[in-house]
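Here's the structure we're looking at; comments come further down.
As the structure is a prediction and not an experimental result, all values here were calculated from the model. All chains are named by letter (A, B, ...) in the order of the sequence lines, taking the proteins before the strands, and each is independently numbered beginning at 1.
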2 protein chains.
Amino acid sequence: MSEPRGRSTQRHATATDVARLAGVSQSAVSRAFTPGASIARETRARVEDAARALGYRPNAIARSLTTRRSRIIGVAAAYLQNHFYPDVLEALSKGLQARGYHLLLFTPDAARDADPLLQEVLAWQVDALILASTTLSSALAGQCRAAGIPVLLFNRTSRHADVSSVTGENLRGGRLIAEFLVAGGHKRLAFIAGIENSSTSRDREAGFTGWLAEHGHAPPLREVGLYDFEAASAAARRLLARSDRPDAIFVANDHMATAVSEVARHEFGLRIPRDLSLVGFDDTGPARWPSFSLTSFAQPLHPMVDAAVAMVCEMIEDPAAPTRHQVVPGELVVRGSARIPPEGCVSRGDALVWRPVQETVV
Amino acid sequence: MSEPRGRSTQRHATATDVARLAGVSQSAVSRAFTPGASIARETRARVEDAARALGYRPNAIARSLTTRRSRIIGVAAAYLQNHFYPDVLEALSKGLQARGYHLLLFTPDAARDADPLLQEVLAWQVDALILASTTLSSALAGQCRAAGIPVLLFNRTSRHADVSSVTGENLRGGRLIAEFLVAGGHKRLAFIAGIENSSTSRDREAGFTGWLAEHGHAPPLREVGLYDFEAASAAARRLLARSDRPDAIFVANDHMATAVSEVARHEFGLRIPRDLSLVGFDDTGPARWPSFSLTSFAQPLHPMVDAAVAMVCEMIEDPAAPTRHQVVPGELVVRGSARIPPEGCVSRGDALVWRPVQETVV
DNA sequence: TTGAAAGCGTTACCAT
DNA sequence: ATGGTAACGCTTTCAA
């Protein structure tokens with residue numbers, strides 16, 4: 001071991017090493033690894049041989065420094081307990097990897113405030129940032145935009161900052177669910193919200209209560225479940241312990257809806273949907289299992305992720321592009337957790353969905 | 001906009017800009033942002049003011065290039081459907097972020113083979129790689145080690161490559177479950193494996209069948225569930241349709257165990273644990289909900305993640321450190337999905353765990 | 001098509 | 001304690 005400075009015996013081969021071995025210039029090596037570059041067929045072959053021999057791979061970090069594009073996309077995610085997000089993360093990662101991007105994970109720590117997270121995001125020169133966390137203040141989004149980093153909100157929007165977003169049909173879903181429950185003959189409706197100031201929960205609620213109000217129904221009872229399993233369980237307990245217990249609950253997402261289902265059946269001995277109808281939102285994970293068989297407004301994963309990938313790439317290509325709010329259509333998937341109205345169900349693929357004869361358009 | 005070349009109006013401030021404004025050298029700026037550097041209190045203050053004024057943050061990419069440490073840790077994850085992994089990912093990310101590392105996500109695509117993934121991992125100069133995917137061949141681990149990158153296997157081991165790992169007590173868990181089921185008076189046992197050649201499934205099975213053999217019991221029936229919800233459901237159907245239907249099934253993880261529970265109750269009308277006992281492994285997610293109330297050998301998330309974080313950091317500090325296989329102790333959490341033996345249950349915290357009077361040591 | 005050379009934004013090593 | 005300067009490994013002009 002006569003190496004004077006290497007901390008590891010394994011010194012990575014660099015483009016210069018390859019150039020020396022191939023008998024070409026270092027620039028030629030760079031060209032050999034640049035898709036559209038002008039290089040002679042034979043030169044490329046020589047470089048490739050040498051590279052193989054040395055186990056050379058272009059250093060992505062160095063490349064990022066010169067190209068000023070990191071090909072890294074930051075993703076701030078939390079609440080991975082909610083099954084929707086891991087699925088999103090996996091699909092996003094695959095989609096972006098196919099386009100040569102990688103996801104750098106930022107996990108907001110409730111203990112620390114958002115600022116250090118912002119600093120880290122900025123430090124890493126991410127090409128874009130995807131916010132898939134309801135928790136994170138929209139302030140972060142605004143600051144990144146201000147710093148010139150394209151930001152995409154996934155499954156949420158922001159009314160303060162002017163930031164692009166991909167969401168499901170939160171408003172329409174809420175309306176449809178109201179109509180569905182009323183058509184099912186329910187008399188005492190309730191809503192369990194997620195986090196109060198999250199756009200997703202607000203929109204779903206607005207659709208729900210909006211439709212009810214427009215059609216002369218009493219406003220629903222209301223509790224807050226904070227998108228959390230335990231908090232949603234507690235909300236359910238409060239609701240179900242009332243003397244005027246609701247006969248139908250719309251829960252702002254499936255994750256909380258499964259909690260409500262558990263409490264209703266196992267703690268209150270209620271039969272679903274005989275004693276209580278339950279409708280969720282997302283149509284993911286355990287909600288589909290027979291034990292829950294949840295009627296739920298679907299947020300179609302792949303269309304949403306595809307839209308997100310396309311938008312992110314577009315924003316990177318053209319940072320000046322105008323903000324867009326893409327809403328991906330879903331449908332109300334009917335299963336066994338809520339009483340089924342006499343009319344309006346049509347089978348679609350392997351699922352049953354509900355389509356009111358004449359949907360009231362907002 | 002007279003800027004001739006900027007693609008974005010927002011050009012990031014560099015250390016040179018800050019130096020100019022603060023009236024110091026660029027080296028001084030670097031020192032101001034380097035924790036242990038020797039710099040006068042007053043100089044640092046001047047630099048900090050200037051930095052604040054310009055919105056300056058050291059460029060992590062450039063830093064990585066000179067320090068030859070990216071402070072990025074690659075994590076290859078898949079099967080995020082299994083609730084255990086999202087939890088792991090979130091905890092790992094938090095733990096590493098606290099130590100100044102970030103996770104770069106690599107999602108193996110079943111369609112492509114592992115080689116491009118390796119190339120990408122290498123290109124990114126990750127400081128270490130955590131493999132938290134049962135799918136990925138251990139070949140990847142070996143190649144990374146060969147390239148001088150510290151590799152840590154999480155929730156799996158490899159017998160081919162000489163790679164460090166953090167796992168739960170797969171072997172002991174399997175043995176304990178065998179003992180538990182026999183003590184519960186079950187006569188016809190079955191095992192549902194994950195992926196055949198995954199160390200995790202193999203070890204759990206080896207513990208299970210090993211104990212049975214040592215104590216003169218017939219070998220269990222066996223099916224393969226591939227760690228997949230649908231495949232596990234199918235395995236359960238095959239098992240439960242037999243004329244000599246098992247009276248207890250040990251399923252290699254909770255994710256599959258919930259599938260088995262669904263099939264047993266909803267398709268076969270079996271009552272659990274009266275007609276069938278079920279034991280899983282992991283003690284995560286839906287398994288804890290009343291609907292499943294799964295008896296399961298716990299893999300304690302935080303101890304495992306803490307161990308992983310510590311080991312990764314250690315490996316980065318000292319790449320020559322010997323391989324270590326850390327086994328994090330767990331215990332058999334007793335709930336309602338399996339008949340409870342007359343003796344051996346002790347309450348521990350808010351859970352009931354099973355401790356045979358005199359555990360047979362391997 | 002090719003090679004030389006100038007960055008990219010840092011850190012690290014020198015002298016001072 | 002400080003400033004000058006040489007890397008780090010690459011892409012990208014610019015001439016040839």
Side-chain angles (χ1 to χ4, degrees), chain A residues 4-8 10-47 50-51 54-72 100 122-125 127, chain B residues 4-8 10-47 50-51 54-72 100 122-125 127:
Chain A
R5 43 204 285 257
R7 55 160 23 99
S8 137
Q10 312 271 357
R11 277 189 57 78
H12 252 70
T14 74
T16 312
D17 300 329
V18 175
R20 193 154 34 220
L21 181 60
V24 296
S25 75
Q26 185 264 326
S27 323
V29 176
S30 173
R31 290 191 193 101
F33 283 91
T34 308
S38 111
I39 185 174
R41 182 200 273 296
E42 194 220 350
T43 315
R44 152 167 283 135
R46 282 239 299 285
V47 171
L54 295 170
Y56 169 78
R57 272 262 84 194
N59 178 330
I61 303 259
R63 169 181 294 169
S64 299
L65 191 59
T66 54
T67 60
R68 325 193 72 182
R69 278 161 168 262
S70 62
R71 302 206 75 89
I72 289 181
L122 294 178
W124 276 105
Q125 316 285 113
D127 286 345
Chain B
R5 44 200 286 259
R7 55 158 27 98
S8 137
Q10 312 272 354
R11 279 190 56 77
H12 251 72
T14 74
T16 313
D17 300 329
V18 175
R20 194 155 34 220
L21 181 61
V24 296
S25 74
Q26 186 265 330
S27 319
V29 176
S30 173
R31 288 190 196 102
F33 284 91
T34 308
S38 108
I39 185 174
R41 181 200 275 296
E42 196 220 349
T43 316
R44 151 168 282 135
R46 279 237 301 284
V47 170
L54 296 169
Y56 168 78
R57 274 262 85 192
N59 179 328
I61 303 257
R63 169 179 295 169
S64 299
L65 190 59
T66 52
T67 58
R68 324 195 71 181
R69 279 163 167 260
S70 62
R71 302 206 75 89
I72 288 181
L122 294 178
W124 276 104
Q125 316 285 115
D127 286 346

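- Side-chain contact check for B:Val29 versus B:Val24: some heavy-atom pair is nearer than 4.5 Å.
- Nucleotide C:dT10 holds its C1' atom 11 Å from the CD atom of A:Gln125, rounded to whole Å.
- Formation of a donor-acceptor pair under 3.5 Å by the A:Thr34 side chain with backbone atoms of A:Ala37 is not found in this model.
- Under 4.0 angstrom from either OP1 or OP2 of C:dG3 there lies at least one side-chain N or O belonging to A:Ser25.
- In this structure, B:Trp124 places its CH2 atom 14 Å from C1' of D:dG9, rounding to the nearest Å.
- Between the side chain of B:Arg31 and the base of D:dG3, a donor-acceptor pair under 3.5 Å is found.
- Residue contacts for A:Thr43: at a heavy-atom cut-off of 4.0 Å it reaches the sugar-phosphate backbone alone, with no base atom in range.
- Nearest heavy-atom pair across A:Trp124 and B:Ser70 is CH2-O, 2.9 Å.
- Distance check, rounded to the nearest 0.5 Å: CD of A:Gln26 to OG1 of A:Thr16 gives 5.0 Å.
- Closest to the A:Leu65 side chain, of the nucleotides C:dA12, C:dT10, C:dG9, is C:dG9.
- Contacts of A:Thr14 with the nucleic acid, taken as non-hydrogen atoms under 4.0 Å apart, involve only primed sugar atoms and P, OP1 or OP2.
- Checking D:dC10, C:dT11, C:dG3 against the side-chain heavy atoms of A:Ala28 singles out C:dG3 as nearest.
- Between A:Gln125 and A:Ile72, the closest side-chain pair of non-hydrogen atoms is not below 4.5 Å.
- Note: CD1 (A:Ile61) to C1' (C:dT11) measures 14 Å, nearest angstrom.
- Here C:dG3 presents its P atom at 9 Å from CZ of A:Arg46, a figure rounded to the nearest Å.
- Here D:dG9 presents its C1' atom at 6 Å from CG of A:Asn59, a figure rounded to the nearest Å.
- To the nearest angstrom, P of D:dT2 lies 10 Å from CZ of B:Arg44.
- Straight-line distance from the CD1 atom of B:Ile39 to the P atom of C:dA12: 14 Å, rounded to whole Å.
- Neither OP1 nor OP2 of C:dG7 sits under 4.0 Å from any side-chain N or O of A:Arg68.
- A donor-acceptor contact under 3.5 Å links the side chain of B:Ser27 to the base of D:dG4.
- When distances run from any side-chain atom of B:Ala40 to the nucleotides D:dG9, D:dT2, C:dA12, the shortest one goes to D:dT2.
- At a threshold of 4.0 angstrom between heavy atoms, the contacts of A:Phe33 with the nucleic acid are absent.
- Among the heavy atoms of the strands lying under 4.0 Å from B:Arg57 are primed sugar atoms or P, OP1, OP2 only; no base atom is included.
- Here the side chain of A:Gln26 is nearest to one of C:dT10, D:dA1, D:dC10, namely D:dC10.
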